[in-house]
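This report refers to the structure that appears directly beneath it.
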Amino acid sequence: MVKIARWNYDGGTQFGFVDGGHCYALPAGQGVQTLLAAGLDETLRVARETVGSAPAVPLTEVQLLAPLVPATIRDFVAFEEHVEGVRKSIDGVAGVVPEWYEAPTFYFTNPHTVTGTGEVIGIPAGCEDLDFETEVAAVVGRVPGSDGRNLTAAEAHRHIFGYTILNDWSARDLQRREMKVSLGPCKGKDFANTLGPWIVTADEFEDRHDAEGFLPISMAVEVNGEHIGQDLLSNMGWPFAELVSYASQDSVVRPGDVLGSGTCGSGCLAELWGRNGSKTPPPLATGDVVRMTVEGIGTIENMVGARREAVTHVAARPRPRNRVAAAAPSGV
C-alpha cells in the first residue's frame with residue numbers, strides 16, 4: 001500500500017511515503033505536488049525507489065500534516081440519506097428535492113484552512129452548533145495527454161490519483177442563517193476542514209470497485225469514544241469517476257484538486273438532529289474528540305478547541321436606490 005504524506009520532523013516539513021510504520025522522505029525540493037504532477041504510474045515508481053533507499057524515520061516520531069495543500073476543494077453532497085436528514089435539520093423540511101437526483105451538486109470550500117489529524121479545531125465566533133462531516137475525498141493527479149476538461153467517466157477515473165479522509169467541519173447555526181439567502185454556505189463552513197492522515201494511491205482500491213464503479217468500503221465516526229454513525233462509501237448516488245467527470249464539464253480539474261464525497265449516512269450530528277427532532281447527540285463542545293475511520297485509508301482524530309469570542313456580523317445599510325448621483329454642492 002502506497003501512502004503519501006506530509007509531516008513535521010526535526011524542525012522542518014518533509015514530504016514522502018509512509019510504509020511499515022516508517023516515513024521515507026523525498027529528496028529536497030520535491031513534494032506531494034511533484035508527485036501529483038508526475039501522475040500515478042511515475043509516483044508508484046518513485047515510491048519503490050524512495051522506500052528502498054531513503055532514511056527511515058519512525059512514524060511515532062513525526063507530526064502528520066494534511067497530506068497536501070489543495071489547489072481547490074469541491075465538496076459534493078452525494079449521499080441521499082444525509083440529504084434527507086440534514087435538510088430537515090437545516091431547512092425544517094422533510095424529503096429530498098427532485099433536483100438532487102438530476103445531477104451531482106457541490107460547492108467550493110476554503111483550501112487555505114485545511115488542517116491535519118491531531119490539530120485542535122477552534123469553534124468559530126458566534127457558533128453554538130459545531131458539527132463534523134464524515135467524508136472521503138478523491139485527489140486529482142495528472143494523466144499524460146489529458147488537459148482535464150470535459151472528461152468522460154472513464155477518463156475521469158484515470159485522473160483519480162488517490163483517496164483521503166475529509167472532515168468538513170460545520171457551524172450549523174451560521175450555515176442555517178446563510179442558506180436562507182439562497183447562497184452559500186460560507187462562514188458556516190470555511191473556518192476548517194481536515195484531510196488525512198495521508199493519500200492512499202488509487203491502485204490500492206482498483207479491485208474493490210463494484211460493477212458500477214462504487215467502492216463498498218466502510219466509514220465510521222465517533223465522538224469521545226462513543227459510536228455516532230457508520231456507512232458504506234458505495235451508498236453515494238454517483239461513483240467518484242462521475243463526480244470528477246461532472247466537475248470537469250465546461251471547466252477543468254487539475255493535479256492537486258480535491259473532491260469530497262459529501263457526508264455519509266449518519267456521518268454528522270445535523271442529520272441525526274433532523275431525524276431525532278432534537279439536538280441529540282449534542283453539538284460539539286470544547287474538549288470533545290472526533291475520530292473518523294475509513295477502511296483502507298486510516299484514521300483522523302481532532303480535538304475541539306475554545307470558541308473565539310468576537311462579533312462578526314455586519315448589518316446591511318438601507319440604501320435609497322437612487323439611479324443618478326446627487327449633484328455636488330455649488331462652490332465646491
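Quick caveat, the model's predicted, so the values are computed rather than measured.
Side-chain atoms of N302 come within 3.5 Å of backbone N or O of E119 as a donor-acceptor pair.
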For a side chain to side chain donor-acceptor pair (under 3.5 Å) check, start with the C-alpha distance between T72 and D257, then their side-chain angles and the critical distance, and finish with the verdict. CA-CA 5 Å; T72 64; D257 286 353; 2.9 Å; yes

Should E61 and H22 be marked as a side chain to side chain donor-acceptor pair (under 3.5 Å) after you check the CA-CA gap, both sets of side-chain angles, and the distance that decides it? CA-CA 9 Å; E61 295 183 12; H22 289 82; over 6 Å; no

Take R6 and V69 through the test side-chain contact (heavy atoms from CB on, under 4.5 Å) and record every step on the way to the result. CA-CA 10 Å; R6 295 170 63 234; V69 178; 4.1 Å; yes

Residue pair Q63, Y9: steps toward the side chain to side chain donor-acceptor pair (under 3.5 Å) verdict: CA-CA 7 Å; Q63 176 192 356; Y9 176 70; over 6 Å; no

Run the salt bridge (Lys or Arg N to Asp or Glu O under 4.0 Å) test on E84 and K88 for me, step by step, so that the C-alpha distance in whole Å, both residues' side-chain angles and the decisive distance to 0.1 Å come before the verdict. CA-CA 7 Å; E84 187 179 68; K88 184 69 178 295; over 6 Å; no

Take K189 and T109 through the test side chain to side chain donor-acceptor pair (under 3.5 Å) and record every step on the way to the result. CA-CA 7 Å; K189 293 278 192 176; T109 191; over 6 Å; no

Kindly indicate, with the supporting measurements, whether the criterion salt bridge (Lys or Arg N to Asp or Glu O under 4.0 Å) is fulfilled by R158 and E155. CA-CA 5 Å; R158 296 180 58 223; E155 292 167 339; over 6 Å; no

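The hydrophobic cluster containing L44 also contains F15, counting ILVMFWY residues as joined when their side-chain heavy atoms lie under 4.5 angstrom apart, directly or transitively. V86 and V96 are members of different hydrophobic clusters when ILVMFWY side chains are connected at heavy-atom separations under 4.5 Å. Under the 4.5 Å side-chain heavy-atom criterion for grouping Ile, Leu, Val, Met, Phe, Trp and Tyr, L166 is not connected to L215 through any hydrophobic cluster. A continuous path of hydrophobic side-chain contacts links Y246 to I160 [ILVMFWY only; heavy atoms under 4.5 Å]. Note: the hydrophobic cluster containing L40 does not contain V200 (ILVMFWY, side chain heavy atoms under 4.5 Å, direct or indirect links).
No salt bridge links E271 with R87; every basic N to acidic carboxylate O contact stays at or beyond 4.0 Å. Taking a cutoff of 4.0 Å between a charged side-chain nitrogen and a carboxylate oxygen, E128 and R307 qualify as a salt bridge.
Expressed to the nearest 0.5 Å, how far CG of L36 lies from CG of L68 amounts to 6.5 Å. Here the straight-line distance linking atom CG of L233 with atom OG of S261 works out to 6.0 Å at 0.5 Å rounding. In this structure, CD on E204 lies 11.0 Å from CD1 on I297, to the nearest 0.5 angstrom. Atom-to-atom distance recorded for N235:CG and L232:CG is 5.5 Å, nearest 0.5 angstrom. One distance of note links SG of C268 with CG of L284; it measures 10.5 Å at 0.5 Å rounding. The line from CG of L272 to NZ of K279 is 14.0 Å long, rounded to the nearest 0.5 Å.
Looking only at atom types and distance, the side chain of T13 has no donor-acceptor partner in the side chain of W7 under 3.5 Å away. Side chains of N224 and D288: a donor on one and an acceptor on the other come within 3.5 Å. If you check the side chains of T263 and T134, you find no donor sitting under 3.5 Å from an acceptor. For the 3.5 Å distance criterion, the side chains of T201 and D203 qualify, holding a donor opposite an acceptor. No donor-acceptor contact under 3.5 angstrom links the side chains of E242 and H157, judged on distance only.
Looking at Q230 and M219, their side chains never come closer than 4.5 Å, going by heavy atoms from C-beta outward.
I217 and E295 make their closest contact through CA-OE1, 3.4 Å (heavy atoms, listed as atom of the first residue, atom of the second, distance). Scanning both residues, A71 and P255, for their nearest heavy atoms gives CB-O, 4.4 Å. Smallest separation of non-hydrogen atoms from L195 and P67: O-CD, 3.4 Å. Residues L59 and W198 share a closest heavy-atom pair of CD2-CZ3, 4.1 Å. Closest of all the heavy-atom pairs between T50 and A25 is CG2-O, 3.5 Å. When every heavy atom of A5 is checked against every heavy atom of V32, the shortest pair comes out as O-CG2, 4.1 Å.
Checked against W100 for a ring-ring contact (aromatic ring centres under 6.0 Å, His included), the options F76, F106, W238, F79 give a single hit: W238.
Around CD of E226, the count of heavy atoms belonging to other residues, nucleotides or ligands within 6.0 Å does not exceed 12.
A ring-centre distance under 6.0 Å is found for Y163 and F240.
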